[in-house]
There are 2 protein chains.
Amino acid sequence: MPTNRARPTRGTRRAPATATRAANQRADAQRNRAKILAATVTAIRGNLDASVADIAAEAGVGRMTLYGHFQTRAELIEEALVDSLERGEEVLKEVSLDGEAAAAFQRLVSSSWVLVDQSGALLAAAQKELPAARIRELHEKAEARMRTLLLRGQREGAFRTDLPVTWLLTTTHVVMNGAAEEVRAGRLDPGDAPWYIDAVLLPAFTQIIVTTEDT
Amino acid sequence: MPTNRARPTRGTRRAPATATRAANQRADAQRNRAKILAATVTAIRGNLDASVADIAAEAGVGRMTLYGHFQTRAELIEEALVDSLERGEEVLKEVSLDGEAAAAFQRLVSSSWVLVDQSGALLAAAQKELPAARIRELHEKAEARMRTLLLRGQREGAFRTDLPVTWLLTTTHVVMNGAAEEVRAGRLDPGDAPWYIDAVLLPAFTQIIVTTEDT
DNA sequence: ACTATGTCATACATTCCCGTACGACTTGTG
DNA sequence: CACAAGTCGTACGGGAATGTATGACATAGT
């Protein structure tokens, strides 16, 4: 149902987009839709509040074509975010969370980092356009995975328990995002990032009280 | 030289604002200027891209009055940032950096945190309106202080040397900003923040390799 | 108390962006 | 091949924000 020209009555709401996705679209259209989604990510990466025109240009597509697929800017970046998160889920759910908690955390961070680097900017843009509730809802799955891992680590004594899990979580987020920024600024090699992140987070979270010797 | 009505020829550039500050302004005007500067911080804190009208309203002042003091939005937030940083400098330069590096770091973080909490949002807004070079230039003093402290810590063996100082710096920034966000979201008590920050940063930076025992 | 100095309201021009409408053109698909 | 499905250019209307212009009004400072 891309071009709204085909729809006579426009009062009726669309079915939720997540449901019947690629119903009977033309192959060309599906490709363009994908191009636009991809372009949204890269365009937003470059400019946090890129205009619809910018995104369309980045996708090599007319602005009108874009509006044919996504009726409003908010819908566009929402669907782009959904798409990115779905794609991310497929990566993350392959990560084994078994075994030593610290090692599992390391694995999870390595995989998450890539996603944050790619879609982090998109998320920031979404936070300014979508209700906070919707954002949390979309992140729930990914966040829950990390949280339960941290909790298990605390129970098993691998991670310190004098800090609430929420703080461990935000610290993780924040450091990963910081690394993404550094990469974007050209001050950090993308390949090195996971190591830098771990190098900071692991000793910070590990349950070992270091008694500093006086003199 | 607030109202530009008084200035016949408007082609000539103003002298750098930082120089002759309160030349021969009326007391009233100086007060308003201060009110506007303060309002800028709080308004931006609430809404990252607050309009000039919003800021004027927050200051309890007409929009035109604001334009009398600051000829453009960019100039406004630049001067607000300068003001905040100057104010911050006066706090930070009282912090003793002598003695044990870790302890000094802790002191410096505690003091810096307050400033980040207050003016962090302003900085974010400034990053979207001012050239990056100007931002760095303004932060130089504060950043240099932290950097030299970290370097000294590394030389003295207090901080780990397997990570470049730049990464330690960004980590510090990023964690403080994260704490500020958490406070703004109501998920963290402002008084607890410094402790949480230290709790994460100190073990992360301290020069002690924890050998995880295999089974 | 008088005057330069500021303040404020209103109105206006400009710019930018979003979303819509139309119509001609191109291309996939049966 | 023919038709439906999709694309694109252009143009318009609405809204919001920036900055400008003007003049009436208030007030600080001498």
Side-chain angles (χ1 to χ4, degrees), chain A residues 1-14 22-37 39-40 43-44 47-79 125 128-130, chain B residues 1-11 14 22-37 39-40 43-44 47-79 125 128-130:
Chain A
M1 39 190 82
T3 48
N4 40 10
R5 174 153 56 100
R7 298 194 294 116
T9 61
R10 65 141 170 276
T12 53
R13 274 261 157 63
R14 285 243 308 278
N24 35 1
Q25 300 226 114
R26 227 165 66 178
D28 193 8
Q30 295 189 26
R31 241 176 312 159
N32 271 344
R33 187 194 153 92
K35 274 202 295 186
I36 294 173
L37 252 37
T40 304
I44 297 265
N47 174 6
L48 243 175
D49 34 26
S51 73
V52 175
D54 293 338
I55 297 176
E58 171 82 33
V61 117
R63 197 166 66 96
M64 296 319 303
T65 304
L66 192 155
Y67 273 110
H69 288 280
F70 310 94
Q71 301 185 343
T72 169
R73 178 196 165 82
E75 178 180 329
L76 168 61
I77 68 177
E78 163 153 359
E79 296 222 31
K128 299 203 303 188
E129 204 122 8
L130 272 50
Chain B
M1 39 189 86
T3 49
N4 40 8
R5 174 153 56 100
R7 296 194 297 119
T9 61
R10 65 143 169 276
R14 286 241 308 277
N24 35 2
Q25 299 226 114
R26 231 164 66 178
D28 193 7
Q30 294 189 27
R31 239 176 312 159
N32 270 346
R33 188 193 152 92
K35 274 202 294 184
I36 293 174
L37 252 36
T40 302
I44 296 267
N47 175 6
L48 243 175
D49 33 28
S51 73
V52 175
D54 292 338
I55 298 177
E58 171 82 34
V61 114
R63 197 166 66 96
M64 294 320 301
T65 305
L66 193 154
Y67 273 110
H69 288 279
F70 311 93
Q71 300 185 342
T72 169
R73 179 198 164 80
E75 179 181 329
L76 167 61
I77 69 177
E78 162 153 0
E79 296 224 30
K128 298 203 305 187
E129 205 121 9
L130 271 51

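Proteins come first, then strands; the chains are lettered A, B, ... in the order of their sequence lines, and each starts at number 1.
Closest approach of B:A50 and B:A43 over heavy atoms only: CB-O, 4.1 Å. For B:A125 against B:I77, the heavy-atom pair with the smallest separation is O-CD1, 4.0 Å. B:E75 and B:Q71 get closest at one heavy-atom pair: OE1-N, 3.6 Å.
By the 4.5 Å heavy-atom criterion applied to side chains, B:F70 and B:V52 are not counted as neighbours.
Regarding A:L48, its CG atom lies at a distance of 15 Å from the P atom of C:dC17, rounded to whole Å. C:dT26 atom C1' lies 17 Å from atom CE of A:M64, rounded to whole Å. If you take CG of A:D49 and P of C:dC16, they are 15 Å apart, rounded to a whole angstrom. Between A:I36 atom CD1 and D:dG6 atom C1' the separation is 11 Å, expressed in whole Å. Distance, B:R33 CZ to C:dT7 C1': 17 Å, rounded to whole Å. Atom CZ in A:F70 sits roughly 15 Å away from atom P in C:dC18 (whole-Å rounding).
B:A53 pairs by the side-chain contact (heavy atoms from CB on, under 4.5 Å) definition with B:S51, B:R63, not counting sequence neighbours.
For residues 48-58 of chain A, every residue pair satisfying the salt bridge (Lys or Arg N to Asp or Glu O under 4.0 Å) rule, not counting sequence neighbours, is listed here: A:D49-A:K128, A:D49-B:K128.
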A:I36/A:R33 under side-chain contact (heavy atoms from CB on, under 4.5 Å): CA gap, chis, key distance, verdict: CA-CA 5 Å; A:I36 294 173; A:R33 187 194 153 92; 5.8 Å; no
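The phosphate of C:dC8 (OP1 or OP2) has a side-chain N or O of B:T65 nearer than 4.0 angstrom. Taking only side-chain nitrogens and oxygens, B:N32 comes nearer than 4.0 Å to OP1 or OP2 of C:dT7. Side-chain N/O atoms of B:H69 include none lying less than 4.0 angstrom from OP1 or OP2 on C:dG6.
Here the NE2-CG distance, from B:H69 to B:N32, works out to 5.5 Å after rounding to the nearest 0.5 Å. Taking CG from A:L76 and CG from A:L66, the interatomic distance works out to 5.5 Å, rounded to the nearest 0.5 Å. Note: A:E129 CD to A:T72 OG1 = 7.0 Å, rounded to the nearest 0.5 Å. Here the OG1 atom belonging to A:T40 is positioned 12.5 Å from the NZ atom belonging to A:K35, to the nearest 0.5 angstrom.
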Could you write out each protein N or O paired with an N or O of nucleotides 28-30 of chain C at a distance under 3.5 Å?
{"residue": "C:dT29", "atom": "OP1", "partner": "A:A27", "partner atom": "N", "Å": "3.0"}

Distances under 3.5 Å only, N/O to N/O: pair up the protein atoms with those of nucleotides 1-3 of chain C.
none

Protein-to-nucleotide contact annotation, 5' to 3' order, nucleotides 13-19 of chain D [B base; S sugar-phosphate only; - none; under 4.0 Å, heavy atom]: ----SBB
